[in-house]
Structure formats: structure tokens, C-alpha cells
Chemist: 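Structure below; questions to follow.
When a residue number appears, it is its place in the shown sequence, counting from 1.
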Amino acid sequence: MALTVIGFLLLALVDLPPLLRKRDRRAVVAFSIFFLAALAMALLQVFHVEVPSVLLLLGEGLKKLGIGYTS
């Protein structure tokens with residue numbers, strides 16, 4: 001777990017300062033959302049938590065909207 005957190009900290013230290021210097025709020029928010037989602041997924045994998053595929057969840061959501069594959 002420690003290596004995962006250290007790896008993500010290094011990524012944040014490399015990628016976040018240039019965005020902050022540019023003062024681009026949208027880029028910082030987008031980076032933060034994807035970064036935190038990836039960190040959460042990585043930590044769940046480290047703790048051996050079964051995580052369903054995001055594509056399966058997306059497919060179920062699209063079916064509820066009436067959008068789907070036809071054969």
C-alpha cells in the first residue's frame with residue numbers, strides 16, 4: 001500500500017504544479033477528479049476488493065435510458 005501511495009504522490013508532485021502555475025481551474029479540477037478516482041481504484045485493488053467493471057455499470061445505465069445494442 002505504501003508504494004501505491006508514494007507512487008501517486010510522485011505523480012501529483014510532477015503533474016500538479018504546472019497546472020497550478022497556469023492557474024487553469026478547469027484543468028486542476030479535471031486532474032483532481034481523475035487522480036482521486038484512480039487512487040481510489042488502486043487502493044481498492046491493493047486491499048483485494050472486488051470492483052465491478054465500469055463498462056458493466058455504464059451498460060446498465062444506458063439500458064435504463066433505453067439505449068442498447070440490437071442484433
Chemist: Sequence neighbours left out, what passes side-chain contact (heavy atoms from CB on, under 4.5 Å) with Ala30? Give chain and number order.
Modeler: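 With sequence neighbours excluded, Ala30 shows a side-chain contact (heavy atoms from CB on, under 4.5 Å) to no residue whatsoever.
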Chemist: Who else is in Leu3's hydrophobic cluster (ILVMFWY, side-chain heavy atoms under 4.5 Å, direct or via others)?
Modeler: none
Chemist: Which hydrophobic side chains are connected to Val29, either touching it within the sub-4.5 Å cutoff or through other members that do?
Modeler: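 Reading the cluster by chain and number, Val29 sits alongside Ile33.
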Chemist: About how many Å separate CG of Leu16 and CZ of Arg21, when rounded to the nearest 0.5 Å?
Modeler: 10.0 Å
Chemist: Using 0.5 Å steps for rounding, measure from the CG atom of Leu39 to the CG atom of Leu11.
Modeler: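 Result: 10.0 Å between the selected atoms.
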Chemist: Under 3.5 Å, which donor-acceptor pairs link side chains of residues 40-65 to any protein atom two or more places apart or in another chain?
Modeler:
from: Ser53; atom 1: OG; to: Leu55; atom 2: N; distance (Å): 3.2

Chemist: What are the two closest heavy atoms between Pro17 and Ala12, and how far apart are they?
Modeler: CD-O, 3.5 Å
Chemist: To the nearest 0.5 Å, what is the distance between CG on Leu10 and CG on Asp15?
Modeler: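 Between atom CG of Leu10 and atom CG of Asp15 there are 10.5 Å.
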Chemist: Phe31: what forms a ring-ring contact (aromatic ring centres under 6.0 Å, His included) with it, not counting sequence neighbours?
Modeler: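 Phe35.
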Chemist: Are Val28 and Leu19 side-chain neighbours, meaning at least one heavy-atom pair lies under 4.5 Å?
Modeler: yes
Chemist: Kindly give the cluster partners of Leu13, where membership spreads through any ILVMFWY side chain lying under 4.5 Å from a current member.
Modeler: none
